[in-house]
**Q** 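First the structure, then my questions, so here it is.
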Amino acid sequence: MIDKSAEELIVDSVKARFPEEVIEAKVQRKNRVSISVRNNRIYDVGLFLRDELEFDHIASVSGVDYIDMNEFEVIYYVWSINKKVLVGLRTKIPRDNPVLKSLVDVWEGVLYHEREVWEMFGIKFEGHPNLSLLLLPEDWDGPPPLRKDFVLPETHQERLEEKIKKLSSG
Amino acid sequence: MSIMKLSIGPQHPISAHFRFLLDVDGDVVLKLEPDVGYTHRGIEKLAEKRTYLQNLPVIERVNSYCDSAGTMLGYLEVIEELMGLEVPERAKYLRVIAAELNRIASHLYAASLFSVATGLETMLMWPINDRELILDLLERLTGQRITYTYQTIGGVRFDMPDGFKEEALKRLDYLEKRTEDYYKMLLWNHTFHMRTKKVGILRPSDAIKLGVVGPNLRASGVKVDVRKDEPYEVYDRFDFSIPTGKNGDSYDRLEVRFKEVGQSINILRQALKDIPKGPIKKWVPPIVPKGEAYTRVEAARGEFGYHLIGDGSMKPYRLKISPPSFRNLIALPHLCQNIPLADVPIIYISLDLIPMDVDR
Amino acid sequence: MVLDIIRPFFLGFYHAFKRTFTVKHPFVRLTPTERYRGRVVLNIDRCISCRSCVNICPNKALEMVKFEKKLVPQYDAGRCCLCNLCVEVCPAIALSMSYEVEFSEYTRKGLIHTPDRFSQPPKSFLFEKTVTVKILDKKRGVAHR
Amino acid sequence: MLQKAKDGLMDIKLFRRVMNWGKAWSLWSVHLETGCCGPEDMARACARFDTERFGTLPFPTLRECDLIFVTGFVTKKMAKRLKIVYEQMPEPKYVIAIGHCAISGGLWWDSYSVVQGVDEIIPVDVYVPGCPPRPEAWIQGIRMLQEKIAKEGMRKK
């Protein structure tokens with residue numbers, strides 16, 4: 001039998017433990033593992049990663065808006081200090097009803113990360129203790145800004161015309 | 001027992017851009033809630049509207065508080081990983097030199113802020129003055145004092161100027177000797193010990209659980225450094241150690257930064273010694289292929305994570321930046337529970353949070 | 001312990017006799033380095049009106065205007081972040097960074113450099129004394145000469 | 001009555017000149033960093049460029065200050081606070097806009113969160129461009145403000 005690298009062992013153990021829930025698990029490159037799971041079981045996979053595979057150091061929670069496929073993707077990047085591997089635990093949720101179980105109980109560090117994803121994408125995390133605006137102004141009433149259908153204001157053009165007008169008048 | 005709500009900021013003596021909402025019982029802080037977002041620019045959204053090259057000055061200003069070079073490195077790493085690009089050797093060394101010089105400047109800045117929070121005015125002036133010497137070097141190398149836009153996709157923009165090496169070595173020697181003075185003035189100072197030792201102890205288990213990074217994590221005794229774990233650029237060729245603290249208190253967090261300055265000087269000497277000759281830049285197409293990558297770099301305040309999704313055009317589809325201060329922010333409410341009100345500034349400043357970095 | 005308290009005082013006192021680090025700026029200035037990035041200067045004769053600087057500028061600091069029957073960029077100093085991208089991209093080497101960093105104005109309009117002002121060379125400070133860090137000694141301190 | 005006496009005093013040119021001289025050389029600045037020119041604020045206040053030579057002392061208590069350096073971009077969240085700070089300051093008060101972000105929004109010209117130029121919120125006396133402006137440029141900004149103050153009310157009659 002050939003010796004397997006740490007990344008491959010992780011992929012194998014996750015696949016063996018959750019044969020149904022894991023859609024895809026692969027080694028991206030050295031030190032990078034990507035696991036995509038069904039959105040209703042992300043909590044269990046997270047617990048498994050933390051308790052049995054020593055993924056303890058939360059790196060980032062990232063949201064992606066795939067507007068063509070009408071779905072969001074949420075990616076939890078977790079680093080393992082002992083194994084020196086970064087796992088991307090990803091799941092897709094429908095764009096019309098973006099609700100996901102919060103992983104605050106699993107990794108305490110995701111507290112602010114999830115709050116940020118909530119305000120930037122409007123993805124609701126069930127069980128999160130405090131989903132309120134973190135970075136945006138407190139009287140923000142527009143749509144979540146990082147969604148692809150949020151259009152940035154073209155302020156420059158108007159100001160440019162104003163400027164030219166001022167210059168030409170005197 | 002009556003609980004009073006107290007709001008500090010954003011105009012306050014420690015640092016602006018931040019607001020703390022405190023629950024205070026007499027003199028004891030029960031709970032602290034940071035109110036951030038005063039410097040939120042929406043960089044992640046703006047990055048989607050600009051080309052990869054136009055993004056250089058934008059990304060750099062995620063943390064333009066003395067650490068532009070280290071911040072930029074991660075962005076370039078992630079693009080180059082997606083492109084499968086190998087940067088010329090000399091460019092790699094020059095990038096490392098800029099980043100390490102910047103790390104020294106950043107730590108000196110942190111030290112000066114720390115001492116002004118403890119009321120030591122002299123130590124406010126000294127590190128800032130010595131930081132000027134480093135900024136002079138960076139200015140010679142890049143042309144700017146704070147925001148360099150020095151590294152670019154596929155290399156660096158300018159080569160090392162004549163006489164830079166000798167001047168740099170001279171100044172680093174001076175700085176190394178000068179660190180003794182800092183120890184005498186600040187770190188061995190009994191008054192300073194009383195103010196900072198056993199204040200804001202962050203246990204290693206808590207630090208890992210909360211996802212704290214950088215010097216704050218190392219001060220708790222956890223030996224984690226991206227430069228050693230996943231060597232990027234040419235960090236695997238240098239001989240350096242990772243300084244760690246013992247107790248994880250505010251004092252250790254400062255001491256680790258001072259020790260890191262020593263290690264940076266060490267790296268810089270090696271880099272200046274064996275920098276090879278050759279080209280400094282490679283021509284690269286403006287289009288980044290389809291794909292996804294996540295890279296980590298160790299900037300002065302900790303680990304930067306960049307997650308890039310390219311869709312085969314000139315603009316990124318999604319660029320997620322996971323900055324160190326955002327990840328260290330969570331330690332602030334954790335540490336500010338049942339402590340005297342007077343310790344809040346010490347703990348805040350010892351974490352070296354930069355609001356630019358938190359908010360993006 | 002007592003030593004730890006007293007030592008900083010002595011050290012501070014000792015530093016009172018070191019050289020001053022201050023650059024007396026309006027009379028003496030730091031020598032600009034070779035890559036000193038000040039305001040951008042245009043060479044009108046060299047400009048080929050290709051718009052590449054306008055297209056690359058992330059700040060929209062440049063815009064094309066008509067000047068003496070030619071389309072040349074107009075520079076808004078209040079928008080420029082001195083990132084050097086336009087200088088790098090210019091195919092005709094018409095743009096360059098100057099050493100002039102002091103171009104403050106009382107009005108916002110004054111910061112918009114129309115092509116004739118944009119193409120003026122930077123103000124010279126030849127009559128002012130320029131200094132650099134020369135003395136770098138732990139005993140004597142750091143001083144400019 | 002008191003107002004009348006004050007106006008009468010101010011009519012004397014010498015008195016006005018002395019007042020202006022006093023104002024110009026004691027510009028204490030509020031410590032409110034709105035954006036990322038903060039390190040340069042530190043650099044210009046410390047030993048190398050030492051703007052205290054011109055009477056510009058960074059001071060934490062805003063009720064005793066005359067000058068705001070708007071250092072860098074102003075977000076919509078910060079804009080309200082900046083206005084509050086400005087209103088709390090006693091007369092006379094001056095504003096120096098530092099950096100291209102404070103002047104025009106600069107690099108964040110299409111951002112959803114950044115105010116396009118600080119002059120939309122508070123009146124600005126001197127614009128200092130650069131990103132961040134070097135300490136030399138800060139000093140020029142302060143000197144220009146002093147010149148402006150020295151001319152204040154001098155052309156009245």
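Chain identifiers are assigned alphabetically (A, B, ...) following the order of the sequence lines, protein sequences preceding nucleic acid strands; residue numbering begins at 1 within each chain. Given the structure is predicted, the values throughout are model-derived calculations rather than measurements.
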**Q** Quick one: CZ on B/Arg19 to CZ on D/Arg81, what's the gap to the nearest 0.5 Å?
**A**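 The CZ atom of D/Arg81 is 5.5 Å from CZ of B/Arg19, to the nearest 0.5 Å.
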
**Q** Most heavy-atom pairs under 4.5 angstrom with chain D, which of B/Gln144, B/Met125, B/Arg50?
**A**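 Sorted descending by pairs with chain D, the first entry is B/Arg50.
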
**Q** Which pair of non-hydrogen atoms, one from B/Pro57 and one from D/Leu107, has the smallest distance, and what is that distance?
**A**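 Residues B/Pro57 and D/Leu107, closest heavy atoms: O-CD2, 3.7 Å.
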
**Q** Verify the neighbour count for atom CH2 of D/Trp21: are there more than 12 heavy atoms of other residues, nucleotides or ligands below 6.0 Å?
**A**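 No, because the 6.0 Å sphere around CH2 of D/Trp21 holds 12 heavy atoms or fewer from other groups.
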
**Q** Does some side-chain heavy atom of B/Arg131 sit less than 4.5 Å from a side-chain heavy atom of D/Pro39?
**A**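 They are in side-chain contact.
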
**Q** In chain order, what residues pass the side chain to side chain donor-acceptor pair (under 3.5 Å) check against D/Arg134, with sequence neighbours excluded?
**A**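 Partners of D/Arg134 under the side chain to side chain donor-acceptor pair (under 3.5 Å) test: B/Glu139.
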
**Q** Nearest heavy-atom pair of B/Leu46 and D/Ser111: which atoms, and what distance?
**A**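 So the minimum-distance heavy-atom pair works out to CD2-CA, 3.8 Å.
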
**Q** Using ring pair (Phe, Tyr, Trp, His ring centres under 6.0 Å), reason through D/Phe73 and B/His40 one step at a time and then give a plain yes or no.
**A** CA-CA 10 Å; D/Phe73 55 85; B/His40 178 63; over 10 Å; no

**Q** For atom CZ of D/Arg53, is the number of surrounding heavy atoms from other residues, nucleotides or ligands below 6.0 Å larger than 12?
**A**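 Yes, because the 6.0 Å sphere around CZ of D/Arg53 holds more than 12 heavy atoms from other groups.
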
**Q** Check whether B/Val62 gets within reach of chain D through its side chain, its backbone, both or neither, counting any heavy atom under 4.5 Å.
**A**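 B/Val62 has no heavy atom closer than 4.5 Å to chain D.
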
**Q** So, are B/Lys45 and D/Asp110 salt-bridged, with charged N and O less than 4.0 Å apart?
**A**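 Salt bridge absent between B/Lys45 and D/Asp110.
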
**Q** Measuring heavy-atom distances to chain D, does B/Tyr38 have an atom under 4.5 Å in its side chain, in its backbone, in both, or in neither?
**A**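 Both backbone and side chain.
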
**Q** Considering only heavy atoms, which portion of D/Arg48 lies under 4.5 Å from any heavy atom of chain B: side chain, backbone, both, or neither?
**A**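 Contact with chain B is through both the backbone and side chain of D/Arg48.
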
**Q** If you round to the nearest 0.5 Å, how far is SG of D/Cys46 from CG of B/Leu124?
**A**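 Rounded to the nearest 0.5 Å, the CG-SG separation comes to 4.5 Å.
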
**Q** Could you state the interatomic distance from CG (B/Asp359) to CE (D/Met78), rounded to the nearest 0.5 Å?
**A**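 Result: 9.5 Å between the selected atoms.
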
**Q** Quick check: are there more than 12 heavy atoms from other residues, nucleotides or ligands sitting under 6.0 Å from NZ of D/Lys80?
**A**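 Count over threshold, so yes.
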
**Q** Check the pair D/Cys131 / B/Arg61 against side-chain contact (heavy atoms from CB on, under 4.5 Å), numbers first and verdict last.
**A** CA-CA 10 Å; D/Cys131 190; B/Arg61 280 160 183 77; 3.1 Å; yes

**Q** Would the number of heavy atoms belonging to other residues, nucleotides or ligands and lying under 6.0 Å from CE of D/Met19 be above 12?
**A**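 Open: at most 12 neighbouring heavy atoms sit under 6.0 Å from CE of D/Met19.
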
**Q** State the CZ-OG1 distance between B/Arg41 and D/Thr75, to the nearest 0.5 angstrom.
**A**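 One gets 9.5 Å once the value is rounded to the nearest 0.5 Å.
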
**Q** Measure distances from B/Ile43 to the heavy atoms of chain D and classify the residue's part below 4.5 Å as side chain, backbone, both or neither.
**A**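 Answer is side chain: those atoms of B/Ile43 sit under 4.5 Å from chain D.
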
